[in-house]
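Structure, as structure tokens:
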Protein chains: 2
Amino acid sequence: MATLREVAELAAVSVATASRVLNGSAHPVSRDIRESVQSAAQTLGYTPSAAAQALKQQRSKIIGVIASDILDPYFAELTRGIEIEAAKAGFVTILANANRDPEQERTKFRVLREHQASGIVFCGSDIEGSPGTAELAREVNLAVRAGTRVVALAPRGFDSTKIVIDNHAASYELTRYMLSLGHRRIAFVGGMPGLTAVEQRVIGYRRAMFEAQALPMVLGNAGMRQESGREAVAHLIAAGELPEAIVCANDEIAVGVLAGLWTSGYRIPDDVSVAGIGGTRGGAVFGLTTVTLPLVELGGLAAAYIADAGRSPKIPEAPQFELRPGTTTAAKDTSGSSRSYGRSTL
Amino acid sequence: MATLREVAELAAVSVATASRVLNGSAHPVSRDIRESVQSAAQTLGYTPSAAAQALKQQRSKIIGVIASDILDPYFAELTRGIEIEAAKAGFVTILANANRDPEQERTKFRVLREHQASGIVFCGSDIEGSPGTAELAREVNLAVRAGTRVVALAPRGFDSTKIVIDNHAASYELTRYMLSLGHRRIAFVGGMPGLTAVEQRVIGYRRAMFEAQALPMVLGNAGMRQESGREAVAHLIAAGELPEAIVCANDEIAVGVLAGLWTSGYRIPDDVSVAGIGGTRGGAVFGLTTVTLPLVELGGLAAAYIADAGRSPKIPEAPQFELRPGTTTAAKDTSGSSRSYGRSTL
DNA sequence: AGTTTAATGGATAACGTTTGCCACTGTATC
DNA sequence: GATACAGTGGCAAACGTTATCCATTAAACT
């Protein structure tokens, strides 16, 4: 790997000048010298050492991402958004999986700091009462006070910048939509208990049901994965009657619910209407009714905010979610009577 | 952030000694001094500067990952495997999306080298005839010769270490399995044309069909995503008769095929048997017949190989794939006559 | 002519580590 | 008693950059 000094020597200038030419500097350099340095760099295949730059400038162009589960499209899309925007700004993204475990999050957080990350993005929400949460919060708060940009893309108990979707409203609107189709027996399949974002979604669901004087039914306390949805359906089927509609805490669970229903011979949406939250790519192909959270955009916002440090300190607004109706059907008995959104088929 | 010098001062020793205590060194340090340094580090909250270490040692504990599409579970699982194993070895994973574009791959590759990554993992295969492939290969070969560990987890035209699954055999075995169920009219829904890994799978399929004297039918030349599978099915349905079985180039496409069939009212596996390749989490919930590629393990192997540089130079074997029968059914007309694997339902 | 000013380039001191080399102990060996 | 040697610790030179000062020149003012 060619160094700046070698380039400087070849171009017969000082390292200072070479540095000024090759990496942005306000210091003026005459046109011919600039060109000779550039050609020297070209022939030598010069690549700046990020390590040296980071050491010198006390911060590297690194954005750390702490995700709960990269296999969940929710986090994959977030990560993707971060990566794209980061790359635009010349930043690089370090990915860390933490499996929703505060201890692991803390470890990863520390590693990210060792690497002088300019900013760190927490993608998932925290879990109420999970051991290690307090220690994590303390450490994060320390880092924030020390100037590291920390962004949380979900509800979190520490003092970071927060860019979060209104989970409560998303779930509320979605449930209202299902109600507006005439359904009354709507179940909510929620994933991990304690996960703040999920709890908020449960609350939104309950409120909508309460307002409609419909009986809420929340079940499922496994994970946030497809398998969890499938298990919940198996449970529902075993228990007897299926609800008219099922609202899921996220798209993955919803897809699992679809799989469970389909493989058990039920027809969607004729027998049951299913909805998810997230708007991830995985649900789209099934025509899943969902609330699209602009995840890629959300991640991009976080990355841009971090990359822009120094300059604009204004915290970006969280983008709006949007209801995306899929293949749901109006309730059979009240069909036509209620304000119907119609049945949209693919 | 506390520095080594501060720790040394507090412990009343030299930086050298502090360094030796805090970061592994063969140089012996007496027990009491070691302890006082450790406690000093503790109280100061010392965190080593990865940048300084990288600069000094000319290589940082970074593994770069160049993925085609992090939203595809195939790459997500690979990435996950890499990340887990990397973390175990104290390495950190930089994620770069390159969208199967050699130009982007080259850019990302360069950025990764700037960050002195100890190794770089290419997750996806290359695309024959894609512009920029030659330049990428040249650059990679240069890096390899310069000592950077480059690992390809799919067929690639450059001189990197390769740990690749036998795509040809995977597809061949899978097709043979479908044939063994008595199916004759088996279509192959292949994704992107030119993608080496896919081409190999097509060949495996063709060979199995040839050997069975069945008529091959390859269609679909969109992407590798669920949507592509759905489109292919729409095409098949519009064209008239559906095949008895559909083998897909990957699980994502297969899931899309399932979605297309289900939402069009077909029953799986009674009407059509569907199979994918990959064994990703996404297919599991549907009981998809697939060839499980040990992706997490594969990624882990790459990471371990890179992290182990210096020591063991032996290139790991690619792990074996395995056929995972799901909800497929024997052909109706020959049911019972052929060596039947039976119908496995979930 | 004297003086400010802008434009340009060079030296050089950091940034926080690691490590090769030397120095100083004791203790064992001849 | 001289020599060797293992055990410890410190000094100081890197690693590749950037940024702060200076130095030089030339142009543009009084």
Side-chain angles (χ1 to χ4, degrees), chain A residues 1-38 40-41 44-62 90 111 113-118 146-147 310, chain B residues 1-38 40-41 44-62 90 111 113-118 146-147 310:
Chain A
M1 296 268 272
T3 97
L4 206 49
R5 228 193 56 198
E6 296 174 299
V7 173
E9 274 169 14
L10 180 56
V13 297
S14 70
V15 263
T17 307
S19 168
R20 295 198 261 250
V21 170
L22 265 13
N23 311 312
S25 163
H27 203 89
V29 175
S30 69
R31 174 163 295 284
D32 46 352
I33 287 212
R34 171 175 301 270
E35 278 168 5
S36 84
V37 168
Q38 271 160 348
L44 255 43
Y46 169 72
T47 311
S49 155
Q53 292 179 324
L55 178 59
K56 183 61 187 152
Q57 315 182 143
Q58 298 293 57
R59 68 182 204 105
S60 67
K61 287 170 157 287
I62 289 178
V111 172
R113 295 207 69 206
E114 283 179 21
H115 282 265
Q116 332 263 43
S118 296
Chain B
M1 297 269 271
T3 99
L4 207 49
R5 229 194 53 200
E6 298 173 301
V7 173
E9 274 168 14
L10 180 56
V13 297
S14 70
V15 263
T17 306
S19 168
R20 294 196 261 249
V21 171
L22 265 13
N23 313 312
S25 164
H27 202 90
V29 175
S30 67
R31 174 164 295 284
D32 45 352
I33 288 213
R34 172 176 300 273
E35 277 168 5
S36 84
V37 167
Q38 271 161 348
L44 255 43
Y46 169 72
T47 311
S49 155
Q53 292 179 324
L55 178 58
K56 184 61 188 152
Q57 316 183 141
Q58 297 293 60
R59 71 184 202 103
S60 66
K61 287 171 158 287
I62 288 178
V111 172
R113 294 206 70 210
E114 283 179 19
H115 283 265
Q116 330 263 42
S118 297

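Given the structure is predicted, the values throughout are model-derived calculations rather than measurements. Protein chains get the first letters and strands the later ones, always in sequence-line order, with residue 1 at the start of each.
For B:Asn23 and C:dT18, the shortest distance from a side-chain N or O to OP1 or OP2 is below 4.0 Å. One finds a side-chain N or O of A:Thr17 lying less than 4.0 angstrom from the OP1 or OP2 phosphate oxygen of C:dG10.
Between the side chain of A:Lys56 and the base of C:dA14, at least one donor-acceptor pair of N or O atoms lies under 3.5 Å.
As rounded to whole Å, 16 Å separates atom P of D:dG7 from atom CG of B:Asp32. For A:Gln58 and D:dT17, the CD to P distance is 17 Å, given to the nearest whole Å. The distance from atom CD of B:Glu114 to atom C1' of D:dT17 is 13 Å, rounded to the nearest whole Å. What separates CD of B:Gln53 from P of C:dT19 is a distance of 10 Å, to the nearest Å. Remark: P of C:dA14 and CZ of B:Arg5 are 10 Å apart, rounded to the nearest angstrom. For the pair A:Leu22 CG and C:dG9 C1', the computed distance is 16 Å after rounding to whole Å. Rounding to whole angstrom units, CD1 of residue B:Ile33 and P of C:dT25 are separated by 15 Å. Protein atom CZ of B:Arg34 is 14 Å distant from nucleotide atom P of D:dG7, rounded to whole Å.
Judged by distance alone, the side chain of A:Ser60 and the main-chain N or O of A:His115 form a donor-acceptor pair under 3.5 Å. Here the side chain of B:Glu35 pairs no donor or acceptor atom with the backbone of B:Asp32 at under 3.5 angstrom.
With values rounded to the nearest 0.5 angstrom, B:Tyr46 atom OH is found 8.5 Å from A:Glu114 atom CD. Note: A:Arg34 CZ to A:Arg31 CZ = 8.0 Å, rounded to the nearest 0.5 Å. In this structure, CD in A:Glu9 is found 10.0 Å from CG in A:Leu44, a value given to the nearest 0.5 Å. Residue B:Ile62 holds its CD1 atom at 13.5 Å from CZ of B:Arg113, rounded to the nearest 0.5 Å.
A:Thr47 comes within 4.0 angstrom of sugar-phosphate atoms only, judged by non-hydrogen atoms across all strands, and of no base. Residue-level contact check: B:Ser49 touches the backbone only, with heavy atoms under 4.0 Å from sugar-phosphate atoms and none from bases.
The side chain of B:Ser19 has C:dT19 as its nearest neighbour among C:dT19, C:dT12, D:dC11. The side chain of A:His27 sits closest to C:dT8 out of D:dT17, C:dT8, C:dT19. Listed candidates were D:dG10, D:dG9, C:dT17. Nearest to the side chain of B:Val13 is D:dG10. Side chain of A:Tyr46, nearest nucleotide from D:dG10, D:dC15, D:dT17: D:dT17. Closest to the side chain of B:Val29, out of D:dG16, C:dT12, D:dG9, is D:dG9. Nearest to the side chain of A:Thr3, among D:dG10, C:dT17, D:dG16, sits D:dG16. The side chain of B:Gln57 approaches C:dT19 more closely than any other nucleotide in the set D:dT17, C:dG16, C:dT19. Checking C:dT12, C:dT8, C:dA11 against the side-chain heavy atoms of A:Ser14 singles out C:dA11 as nearest.
Nearest-nucleotide assignment on DNA chain D puts the 5′-proximal partner with A:Leu4, out of A:Arg20 and A:Leu4.
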